[in-house]
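Letters A, B, ... mirror the listed sequences (proteins, then strands); counts begin at 1.
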Protein chains: 2
Amino acid sequence: MIVAKEYLQSYGIRPSTQRIAVMHYLLTHRTHPTVDEIYHELVEEIPTLSRTTVYNTLHLLYEHGAILALSIDEANVRFDGYTHPHAHFLCCGCGKVYDVDLDDVAFVQRNTPKNAATITEAQLFYKGLCNVCSAKRQN
Amino acid sequence: MIVAKEYLQSYGIRPSTQRIAVMHYLLTHRTHPTVDEIYHELVEEIPTLSRTTVYNTLHLLYEHGAILALSIDEANVRFDGYTHPHAHFLCCGCGKVYDVDLDDVAFVQRNTPKNAATITEAQLFYKGLCNVCSAKRQN
DNA sequence: TGTACTTTTGTAATGATTTCAAAAACGTAA
DNA sequence: TTACGTTTTTGAAATCATTACAAAAGTACA
């Protein structure tokens, strides 16, 4: 939890119990969880936790650039505590979101739109079927 | 409308009046419209048009690969009748979505996730402020 | 302690999207 | 043309993630 607290402070965010818990969860779970997944995990350790607080906190972390908000999954926004440039892959079979390394990290910056004065974020993602789900479908 | 009809047929989609109208709208308007924008435009020429039909049709076109469904805008899915590989830019000031050309079209394919058996789609998009909106904010 | 400010909480509202079953349109064979 | 099975459209109702809001709780500091 120490790490999460200092991580928040480095982004100028006051470290409340709930904020530390959310940030810590994202730093230790690279699963790109939804709001509800985070809520259900954390309400175990903070029984008074409100879903609204999870929404508020994630929004705050996102606004400060401490986390990424992925729109890869139409049904739910997913969050990522790993903010280095990388892409994502959603398997439409199992619903999992995987990290994807890029062979040319500069590509995204190089292709920045010409009519853009400021870029606040960029997302690259793939959808398809992972090897495991593809094999299962051979039945 | 001739173009839209044949376009649909080339994707194996039966060309009903409503489907032709939706497809024609997307082929002639490169504005990445939302469902409601499409509905409000087309209900002028087809007064009996139902919003559900627009949803159904867009879903059908998307499933057949005739159009793209963009998740760049959290609030609404946006649609694009231009299916060649390109990126998008959402200006958070005016809400417009612009096309972005890529200097290396092969990049996206080259970085396909290693654990993917099949890729059905890929999206790259930017968010920020366009030059016009940025200038306005200097006030 | 007291006070001002920040954060959390729970309920209610919002609004895009989906569900569903009936009505309409269509295709085709007799 | 007519009848019949299939496809498509329609509109109302339901769903559900997210937001709005105001009260309650927590925090900092004099």
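- B:Ile20 has its CD1 atom 16 Å from the P atom of C:dA25, to the nearest Å.
- For the pair A:Glu74 CD and D:dC16 C1', the interatomic distance rounds to 15 Å; values are reported in whole Å.
- The closest side-chain donor-acceptor pair between B:Tyr62 and B:Glu121 falls under 3.5 angstrom.
- Of all heavy-atom pairs between A:Glu74 and B:Ser71, the closest is OE2-CB, 3.3 Å.
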(request) Indicate for each nucleotide in nucleotides 5-21 of chain C, in 5' to 3' sequence, whether protein heavy atoms under 4.0 Å reach the base (B), only the sugar-phosphate (S), or nothing (-). (result) -SSSBBB----SBBB--
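- Of all the heavy atoms in B:Tyr39 and B:Ser50, the pair that sits closest is CE1-C, 3.8 Å.
- Distance A:Asp73 CG to D:dT18 C1': 14 Å, rounded to the nearest Å.
- Applying the side chain to side chain donor-acceptor pair (under 3.5 Å) test to A:Asp99 and every residue at least two apart in sequence or in another chain returns A:Arg30, A:His32, A:His86, A:His88.
- As a whole-Å value, the separation of B:Ile13 CD1 from D:dT9 P is 11 Å.
- The aromatic rings of B:Tyr11 and B:Tyr7 sit tilted, their planes meeting at an angle between 30° and 60°.
- The shortest side-chain heavy-atom distance between B:Leu58 and B:Leu60 does not fall under the 4.5 Å cut-off.
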